[in-house]
Amino acid sequence: MESEKQRKFDLRYLEMARIWAKNSYCMRRQVGALVVKNNMIISDGYNGTPSGFENVCEDDNGITKPYVLHAEANAITKLARSSNNSEGATIYITASPCIECAKLIIQAGIKRVVYGEKYRLTDGIELLERAGIEVVYLGE
């Protein structure tokens, strides 16, 4: 019964992350992330350029600019500027995390990752599992 309730919450928070991803100005891929702790959203993020930069994620050739931040990185760094912390939290991400974001997730003390789309590289997921973080794929 509790696992069914958790699955319903997971699906709802993941849907909210998908809605949040629509804030991204990136043309190639829009990704959203929510950090949830004690049933409260404590941070959010979507992929995009750093604060103060133009909201253009790709160059003239359609290649993502190297300084574009991933949704998870934005959500985790936003926490650093708040009074919240992510120890024991769950992060909901519309796409599976890359290895760089997986390292941030581990260091942030996040204990659960729920994602909705598989990315072509699996090294981020493998690193999270190696660190003992629960990883849940809720794809369509």
Side-chain angles (χ1 to χ4, degrees):
M1 174 111 153
E2 186 63 35
S3 63
E4 185 58 33
K5 184 177 180 181
Q6 182 62 59
R7 180 171 167 75
K8 285 182 180 179
F9 275 114
D10 287 347
L11 288 168
R12 288 183 183 131
Y13 282 126
L14 191 56
E15 184 60 29
M16 291 171 75
R18 287 186 179 110
I19 291 167
W20 203 244
K22 294 177 182 179
N23 288 317
S24 173
Y25 287 88
C26 296
M27 305 301 283
R28 290 181 64 208
R29 183 183 194 99
Q30 294 180 318
V31 179
L34 295 178
V35 180
V36 176
K37 183 175 179 179
N38 300 326
N39 297 319
M40 292 185 296
I41 297 170
I42 61 170
S43 191
D44 56 65
Y46 50 87
N47 57 325
T49 56
S51 298
F53 281 64
E54 73 290 345
N55 288 321
V56 178
C57 298
E58 295 85 12
D59 64 20
D60 293 337
N61 297 316
I63 305 297
T64 301
K65 294 178 180 178
Y67 52 84
V68 168
L69 290 156
H70 289 187
E72 308 93 310
N74 269 326
I76 292 168
T77 55
K78 186 184 275 189
L79 275 169
R81 296 174 66 171
S82 76
S83 59
N84 287 315
N85 76 71
S86 51
E87 188 67 39
T90 297
I91 189 167
Y92 294 88
I93 319 163
T94 57
S96 61
C98 70
I99 195 159
E100 293 302 318
C101 288
K103 291 189 276 186
L104 290 174
I105 290 166
I106 293 166
Q107 290 301 98
I110 293 169
K111 296 299 178 201
R112 208 163 163 264
V113 175
V114 179
Y115 70 99
E117 293 175 23
K118 291 183 178 179
Y119 186 57
R120 61 183 169 82
L121 301 176
T122 59
D123 51 358
I125 295 296
E126 292 162 8
L127 185 66
L128 292 170
E129 290 171 342
R130 181 176 171 195
I133 293 173
E134 180 184 354
V135 178
V136 179
Y137 169 62
L138 290 179
E140 317 256 331

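- Counting only distance, with no hydrogens or angles, the side chain of T94 and the backbone of G32 share a donor-acceptor pair below 3.5 Å.
- Of all heavy-atom pairs between Y13 and M40, the closest is OH-N, 4.3 Å.
- Cluster annotation: L69 and Y92 are assigned to distinct hydrophobic clusters (Ile/Leu/Val/Met/Phe/Trp/Tyr, side-chain heavy-atom contacts under 4.5 Å, transitive).
- The shortest distance between side-chain heavy atoms of I105 and V135 does not fall below 4.5 Å.
- If you chain together ILVMFWY residues whose side-chain heavy atoms come under 4.5 Å of each other, I63 ends up in a group of its own.
- When each of V35, V114, V36 is paired with I91, the side chain to side chain contact (heavy atoms under 4.5 Å, CB included) condition holds for V35 and for no other.
- Of the possible polar contacts, one joining the N23 side chain to the W20 backbone as a donor-acceptor pair under 3.5 Å is found.
- Taking Ile, Leu, Val, Met, Phe, Trp and Tyr as hydrophobic and joining them when side-chain heavy atoms fall under 4.5 Å apart, one finds Y25 isolated, its cluster having no other members.
- A donor-acceptor contact shorter than 3.5 Å links the side chain of E58 to the backbone of M27.
- The pair R12-E15 does not count as a salt bridge, with every side-chain nitrogen at least 4.0 angstrom from each carboxylate oxygen.
- Side-chain contact between N85 and K37: present, with at least one pair of heavy atoms (C-beta onward) separated by less than 4.5 Å.
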Give the table of side-chain donor-acceptor pairs shorter than 3.5 Å for residues 123-131, with sequence neighbours excluded, one pair per line with atom names and distance.
| from | atom 1 | to | atom 2 | distance (Å) |
| --- | --- | --- | --- | --- |
| E126 | OE2 | T122 | OG1 | 2.7 |

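- Looking at S86, its side chain never comes within 3.5 Å of a backbone N or O of I110 through a donor-acceptor pair.
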Determine all donor-acceptor pairs shorter than 3.5 Å in which one atom belongs to a side chain in residues 45-57; sequence neighbours excluded.
| from | atom 1 | to | atom 2 | distance (Å) |
| --- | --- | --- | --- | --- |
| N47 | OD1 | S24 | OG | 3.1 |
| N47 | OD1 | V31 | N | 2.8 |
| N47 | ND2 | R29 | O | 2.8 |
| T49 | OG1 | E54 | O | 2.9 |
| E54 | OE2 | K65 | NZ | 3.1 |
| E54 | OE2 | Y67 | OH | 2.9 |

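- At least one side-chain heavy atom of M16 sits under 4.5 Å from a side-chain heavy atom of I41.
- Sorted by first then second residue, the ring pair (Phe, Tyr, Trp, His ring centres under 6.0 Å) pairs that include residues 107-131, not counting sequence neighbours, are Y115-Y137.
- Atoms CD and CG, from E117 and L138 in turn, are 12.5 Å apart once rounded to the nearest 0.5 Å.
- Of all heavy-atom pairs between S43 and A75, the closest is OG-O, 2.7 Å.
- For the pair E72/L104, no side-chain contact is recorded, criterion being any heavy-atom separation below 4.5 Å from C-beta on.
- Side-chain contact check for K8 versus K5: every heavy-atom pair is 4.5 Å or farther apart.
- The side chain to side chain contact (heavy atoms under 4.5 Å, CB included) test applied to E134 returns R112, V136, not counting sequence neighbours.
- Using a 4.5 Å cut-off between side-chain heavy atoms of Ile, Leu, Val, Met, Phe, Trp and Tyr, with links allowed through other members, L121 and I93 fall into different hydrophobic clusters.
- The side-chain heavy atoms of I133 and I106, taken from C-beta on, include a pair separated by under 4.5 Å.
- In this structure, the side chains of R18 and Q30 stay at 4.5 Å or more apart for every pair of heavy atoms.
- Distance check, rounded to the nearest 0.5 Å: CG of L34 to OG1 of T90 gives 11.0 Å.
- Between L14 and G116, the closest heavy-atom pair is CD2-CA, 3.7 Å.
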